[in-house]
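Here is the structure we will look at.
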2 protein chains.
Amino acid sequence: MNDEKEVTIYDIARELKLSASTVSRALKGNPIINYKTRQKVAECSEKLGYRTNAFASNLRRKKTNTIGVIVPRLDSHFLSSCLAGMEEVASTNGYNLIIAQSHESSKKEAENAVTMFNNRVDGLIVSLTAENNQPDYFRRFTEKHVPIVYFDRIPAKEDVTCVCANNFEAAYKATHHLIAKGCRRLLHITIPSASNVYADRCQGFEAAAKDAGCIASTLFLPALNMETGRDAANQIGKMSPRPEGIFVANDIAAAGCMLQLEELGIAVPNDILIIGFNNDPICMLVNPPLSSVSYCGRDAGMMAADRLFEMIDNYDFAFQKIIIDTSVIERESSLIKQ
Amino acid sequence: MNDEKEVTIYDIARELKLSASTVSRALKGNPIINYKTRQKVAECSEKLGYRTNAFASNLRRKKTNTIGVIVPRLDSHFLSSCLAGMEEVASTNGYNLIIAQSHESSKKEAENAVTMFNNRVDGLIVSLTAENNQPDYFRRFTEKHVPIVYFDRIPAKEDVTCVCANNFEAAYKATHHLIAKGCRRLLHITIPSASNVYADRCQGFEAAAKDAGCIASTLFLPALNMETGRDAANQIGKMSPRPEGIFVANDIAAAGCMLQLEELGIAVPNDILIIGFNNDPICMLVNPPLSSVSYCGRDAGMMAADRLFEMIDNYDFAFQKIIIDTSVIERESSLIKQ
DNA sequence: ATGAAAGCGCTAACAC
DNA sequence: GTGTTAGCGCTTTCAT
């Protein structure tokens with residue numbers, strides 16, 4: 001492909017009448033090499049336009065300095081914040097990130113896993129699809145002692161390292177918040193999913209309602225977005241009696257729902273209180289501002305990456321569950337009643 | 001590192017009493033190899049748990065099947081949509097994406113460029129920082145004939161391949177839209193930047209205002225986000241006479257500005273019309289819904305990746321400027337006057 | 001402090 | 001249709 005010959009350490013060695021090994025050591029700043037030699041090598045490499053060949057090095061060292069990331073999608077605020085955090089940590093540690101999206105398809109996720117595996121990533125960070133929370137295609141990584149950190153959407157089994165919120169508790173708090181504002185008839189809007197994220201939120205909601213002796217029901221949507229949020233509002237419009245407080249499993253759907261409720265003449269928060277999840281920036285843009293559960297993506301990403309590097313560097317595979325803080329952010333959408 | 005010996009093509013060869021080259025060919029489905037042999041190799045490789053070693057192959061082929069992407073940040077809706085589009089195209093073509101963020105710092109961008117270069121990416125997709133639109137650190141790529149596609153924030157010089165909107169025209173259209181709604185005193189809110197994105201939008205704005213004989217001024221903010229958008233609104237509140245139509249260079253700042261205007265008792269669109277840029281989903285969430293200029297990130301990402309693969313596959317380095325469609329999306333924030 | 005030599009796993013030119 | 005051979009560029013013993 002490339003016309004001009006690449007400069008190798010042999011070229012530098014020849015030029016300087018040294019051996020390749022000396023050059024190799026000098027280039028990595030190995031102090032065993034005479035300081036002057038190191039300087040000469042540095043100069044010469046600069047002069048010749050040398051660049052290290054990562055594969056040759058990888059091939060030799062059996063290490064890629066690359067970590068793989070598999071996420072359901074890239075274009076969500078939460079996930080891209082997570083990635084931003086991971087990228088920061090990775091680049092500080094001299095690692096690259098290779099990123100793939102599963103598009104919520106377990107099949108695509110398996111394919112991504114194979115690619116990552118063949119690319120010999122030194123570690124893997126994964127957020128699972130909503131479709132499958134006990135995939136078996138990551139087994140080969142653990143078999144080869146390639147560490148995996150799951151984040152946000154974690155597998156059902158216990159013997160993994162993961163970073164996530166305590167979704168049960170977070171949902172409990174969110175629901176409790178509605179109850180504290182005087183709501184007795186509660187509705188939870190979510191998707192049917194075995195994933196910890198949705199299942200735990202659902203259970204947290206039910207537990208909080210039960211503990212307070214409230215009437216709770218759950219509305220399952222095919223997906224959680226603006227559209228489906230609006231559909232949910234239309235259904236709520238027809239309910240009788242209507243719920244007094246709604247806890248939606250993500251902010252986008254909550255926002256869609258709220259907008260549509262307003263259009264139906266159902267006022268938030270006067271007629272219905274509503275709270276979302278994720279504390280997406282949109283919460284502060286909608287009117288009224290949307291209460292939500294805050295959960296910092298960038299931190300989650302950084303913690304996942306930090307833990308992964310610990311595992312890689314210390315060859316330490318102890319399973320660990322890292323819980324991210326969540327807190328209820330009260331805004332106008334849930335503030336009036338009391 | 002890894003305890004168990006990795007299985008190589010030699011192991012398969014030994015097992016099957018074949019040569020490594022035959023195995024290599026068989027594994028890539030080379031039709032010159034006997035069908036039965038291919039099958040046997042496939043079975044055996046499966047049985048032994050063989051996985052291809054990408055470095056060894058890369059080292060040999062001098063090709064990485066990896067493309068590098070450098071973006072200012074990951075956690076913006078527009079950019080993550082672009083990435084999603086690129087990832088789709090890349091993965092269809094059997095390529096991986098390695099992604100780095102410059103955090104709007106030219107220094108970090110240069111570092112990223114070095115990393116990508118050393119990792120021998122087969123091609124590069126870049127959106128520049130707002131800080132520097134004529135970086136020299138990508139020169140080494142072109143010198144080595146590694147194709148680069150710039151997107152969105154492109155360099156000042158002409159001899160590059162890029163994918164972007166015609167920001168001048170888009171801004172002209174947006175401004176003209178305000179004028180058509182009856183605005184005579186116009187304000188543009190942006191950041192000081194030599195980048196095509198902001199400079200061209202600014203010029204488009206000025207040209208449209210001038211062509212219509214309107215009074216135009218520009219407010220430069222230190223950044224374009226919710227906060228600074230609100231600051232802008234505070235400044236607008238003190239202006240006299242007040243502008244009648246505002247064109248903001250991105251939607252987040254536009255939304256922040258609009259919210260703050262409302263808080264100051266300045267009604268949108270009754271007192272002031274406003275239009276943003278990017279058609280971010282938040283446009284439909286704010287109240288009133290925000291007019292904007294639509295510009296599809298996913299398409300831009302896909303087009304950039306498509307063009308890059310063309311350059312890689314056909315060894316074709318003709319410079320090409322691909323213009324993405326933009327259109328003014330009229331929503332309530334600019335609809336009343338006429 | 002430096003060098004010689006072997007080998008990481010794969011591919012491709014060239015044989016047969 | 002299959003095998004032989006050499007080499008991609010680097011790192012790492014082991015010598016000296």
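Numbers restart at 1 for each chain; the letters A, B, ... are given by sequence-line order, proteins then strands. Note that the structure is a prediction, hence the values are computed from the model and not measured. Quick note: numbers below take in every heavy atom, side chains included, and nothing from hydrogens, waters or symmetry partners.
Under 4.0 angstrom from either OP1 or OP2 of dT2(C) there lies at least one side-chain N or O belonging to Thr37(A). Phosphate contact (OP1/OP2 of dT11(D), side-chain N/O of Ser24(A), threshold under 4.0 Å): present. Applying the 4.0 Å criterion to OP1 and OP2 of dT4(D), one finds that Ser19(B) has every side-chain N and O outside that range.
Where the helix from dA1(C)-dT16(D) to dC16(C)-dG1(D) starts and where it ends, the local axes point in directions that differ by 30°; five pairs per end, rounded to 10°.
Between the CG atom of Asn65(A) and the P atom of dT11(D) there is a distance of 12 Å, rounded to whole Å. Atoms CZ (Arg61(B)) and P (dG9(D)) sit 15 Å apart, rounded to a whole Å. Atom pair Asn30(B):CG and dG3(D):C1' shows a separation of 14 Å (rounding to whole Å applied). In this structure, Tyr35(B) places its OH atom 19 Å from C1' of dT2(D), rounding to the nearest Å. Counting to the nearest Å, the P atom of dT12(D) and the NZ atom of Lys63(A) are 12 Å from each other. Atom CZ in Arg14(B) sits about 15 Å away from atom P in dG3(D), given to the nearest Å. Going from atom NZ of Lys40(B) over to atom C1' of dT2(D) covers 12 Å, rounded to whole Å.
Between Ser19(A) and Thr22(A), the side chains place a donor N or O and an acceptor N or O closer than 3.5 Å (distance only, hydrogens not considered).
Legend: residues meeting ring-ring contact (aromatic ring centres under 6.0 Å, His included) with Phe78(A), ordered by chain and number and at least two apart, are Tyr295(A). Looking at residues two or more places apart in sequence or on another chain, you find no ring-ring contact (aromatic ring centres under 6.0 Å, His included) involving Tyr50(A). Take Arg73(B) and apply the side chain to side chain donor-acceptor pair (under 3.5 Å) test, not counting sequence neighbours, and it matches Asp75(B). Scanning for side chain to side chain donor-acceptor pair (under 3.5 Å) contacts around Tyr10(B) gives an empty result, with sequence neighbours left out. Remark: Asp299(B) engages no residue in a salt bridge (charged side-chain N to carboxylate O under 4.0 Å, His left out) (not counting sequence neighbours). Not counting sequence neighbours, the partners of Thr64(A) by the side chain to side chain donor-acceptor pair (under 3.5 Å) test are Asp122(A). In this view, Glu111(A) and Lys107(A) satisfy the salt bridge (charged side-chain N to carboxylate O under 4.0 Å, His left out) rule, not counting sequence neighbours. Ser57(A) is linked by a side chain to side chain donor-acceptor pair (under 3.5 Å) to Arg61(A), counting only residues two or more places apart in sequence or in another chain.
Residue Lys17(A) is in sugar-phosphate contact alone, with no base atom involved, counting any heavy-atom pair closer than 4.0 Å across all strands shown.
Note: Tyr150(A) and Phe138(A) have perpendicular aromatic rings, judged against thresholds of 30 and 60 degrees for the angle between ring planes.
Of the listed nucleotides (dT11(C), dG3(C), dG1(D)), dG1(D) has the atom at the smallest distance from the side chain of Ile32(B). Checking dT2(C), dT11(C), dT2(D) against the side-chain heavy atoms of Lys28(B) singles out dT11(C) as nearest.
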Tabulate protein N/O versus nucleotide N/O from nucleotides 13-16 of chain D, keeping only pairs under 3.5 Å, one per line.
none

N/O contacts under 3.5 Å, protein versus nucleotides 7-9 of chain C?
{"residue": "dG7(C)", "atom": "N2", "partner": "Arg60(A)", "partner atom": "NH1", "Å": "2.8"}
{"residue": "dG7(C)", "atom": "N3", "partner": "Arg60(A)", "partner atom": "NH1", "Å": "3.4"}
{"residue": "dC8(C)", "atom": "O3'", "partner": "Lys62(A)", "partner atom": "NZ", "Å": "3.3"}
{"residue": "dG9(C)", "atom": "OP1", "partner": "Lys62(A)", "partner atom": "NZ", "Å": "2.8"}
{"residue": "dG9(C)", "atom": "N2", "partner": "Ala56(B)", "partner atom": "O", "Å": "3.3"}

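Within the structure, the ring pair (Phe, Tyr, Trp, His ring centres under 6.0 Å) test picks out the following pairs touching residues 114-133 of chain B (sequence neighbours left out): Phe117(B)-Phe141(B).
The shortest heavy-atom contact between Leu308(A) and Pro147(A) is CD1-O, 3.5 Å.
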